[in-house]
Amino acid sequence: MKTYKVAIVGATGAVGREMLRCIFQFHFPYESIKLLASSRSKGKEIEYEGHKFIVEELTEGSFAGIDVAFWSAGGSVSAKYMEYAVKAGCINIDNTSHFRMDPNVPLVVPEVNAYALKNHKGIIANPNCTTIQMVSALNRLDEYFDIERIIVSTYQAVSGAGVAGMEELYRQSQEVLDGKEPVAKTLPCASDKKHYPIAFNCIPQVDVFNLDNRYTKEEMKMVNETKKIFNKDIKVNATCVRVPVLRGHSESVYIETKKPIDLDKAFELLSHSHGVELYDDIENQVYPMVNLFIGDELVHVGRVRKDLDNDHALSMWVVADQLMKGAAYNSVDIGLKMIEMGLL
Ligand code: A2P
């Protein structure tokens with residue numbers, strides 16, 4: 001079997017660490033693995049299951065001889081260094097938002113639109129975590145019932161804001177338990193003017209606001225990326241909320257469809273959707289919750305029910321470990337799919 005020289009850009013971050021784990025766990029055929037991060041991490045040792053790696057500083061020359069790179073170091077890093085990787089002949093799977101809406105860059109969830117990979121020009125974008133789990137859950141339903149409109153509210157973990165987001169929740173929780181005022185430095189968005197405590201709180205802002213239409217950038221990612229992945233003008237209305245959960249995003253998803261909903265058929269489709277686990281047995285109080293699925297690569301769907309007034313509408317609860325299915329696993333799965341399709 002052919003093996004590949006692999007690089008992970010942002011290897012010391014919350015997603016980068018999971019990318020390394022996924023390469024081993026899902027048997028990505030590597031010949032070598034190069035871990036790249038900022039100058040701050042140069043020389044740092046990272047160990048995974050007995051394999052020791054020394055982190056190197058990302059530079060313009062980092063990609064000589066590299067076959068495939070997985071990127072998760074932020075949009076500005078992808079914007080600055082990606083061109084050098086492409087010029088070096090490296091195939092790049094980018095978890096940042098920088099290239100997602102570029103018409104020359106496929107935006108891929110393998111079980112939904114792997115066909116789009118054929119048109120790549122050296123860069124493939126991994127969608128936003130919230131979009132991935134939603135389109136993965138809805139894909140078979142869309143094929144059968146033809147979804148016209150989605151209304152989604154998200155309950156997003158702090159790890160979506162990286163290692164700093166997780167540290168903030170731990171620290172603030174202790175501050176509150178100690179009777180102190182929690183100090184907010186990172187959330188809702190490190191680059192925005194104000195910061196609010198996330199411990200014992202919910203913040204209805206993920207990413208910065210788009211002042212033109214009063215939605216946040218995260219919400220607009222769900223709107224635009226869903227249209228691109230499903231390759232149709234599907235209507236999407238999103239409300240994204242940060243909640244005091246360390247890891248794993250939940251979504252309340254409501255869909256309106258062209259065909260009337262047959263609930264038995266919906267259950268059948270969901271139970272045979274690749275990458276999706278139907279986890280729905282209300283008699284026994286079985287429904288997906290984030291703490292059940294940490295480190296797991298599937299999308300879990302429960303609380304599936306027809307709308308009481310609209311025969312063409314369905315609601316459900318969709319849960320995934322966003323560092324895995326929403327980021328690292330989906331990226332590595334794109335790489336595996338490209339190998340299967342003879343594109344790598
Ligand atoms: P470092 O740890 O050296 O700062 P997270 O989103 O979890 O905070 O992770 C961000 C990742 O992106 C980290 O691995 C971080 O490395 C990396 N990173 C941030 N800025 C740069 C940069 N300018 N060049 C290379 N890697 C970067």
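Read the numbers this way: they start at 1 and go in the same order the structure lists the ligands and their atoms.
Close approach to Val77 involves these atoms of ligand 1, each under 4.0 Å from a residue heavy atom: 20 (N), 21 (C), 22 (C), 23 (N). The contact set between ligand 1 and Ala73, taken as ligand atoms under 4.0 Å from a residue heavy atom, comprises 12 (O), 17 (C), 18 (N), 19 (C), 26 (N), 27 (C). For ligand 1 and Thr12, the ligand atoms under 4.0 Å from any heavy atom of the residue are 1 (P), 2 (O), 3 (O), 13 (C), 14 (O), 15 (C), 16 (O). Of all atoms in ligand 1, listed by their number and element, those nearer than 4.0 Å to a heavy atom of Ala11 are 14 (O). Near Ser41, meaning under 4.0 Å from one of its heavy atoms, ligand 1 places the atoms 1 (P), 2 (O), 3 (O).
Evaluation of the salt bridge (charged side-chain N to carboxylate O under 4.0 Å, His left out) test over residues 128-139, restricted to residues two or more places apart or in two chains, returns none.
Note: an N/O pair closer than 3.5 Å links Gly10 and ligand 1 by distance alone. Ligand 1 has no nitrogen or oxygen under 3.5 angstrom from a nitrogen or oxygen of Gly162. Note: an N/O pair closer than 3.5 Å links Val163 and ligand 1 by distance alone.
Results of the side chain to side chain contact (heavy atoms under 4.5 Å, CB included) test with Asn126 over Ile132, Val108, Asp94 single out Ile132 as the only residue that passes.
Both tests pass for Lys259 against the ring of Tyr144: distance under 6.0 Å to the centre and angle within 45° of the axis.
Residue Phe26 places its CZ atom among more than 12 non-hydrogen atoms of other residues, nucleotides or ligands, all under 6.0 Å distant.
Under the 4.0 angstrom criterion for non-hydrogen atoms, Gly74 is not in contact with ligand 1.
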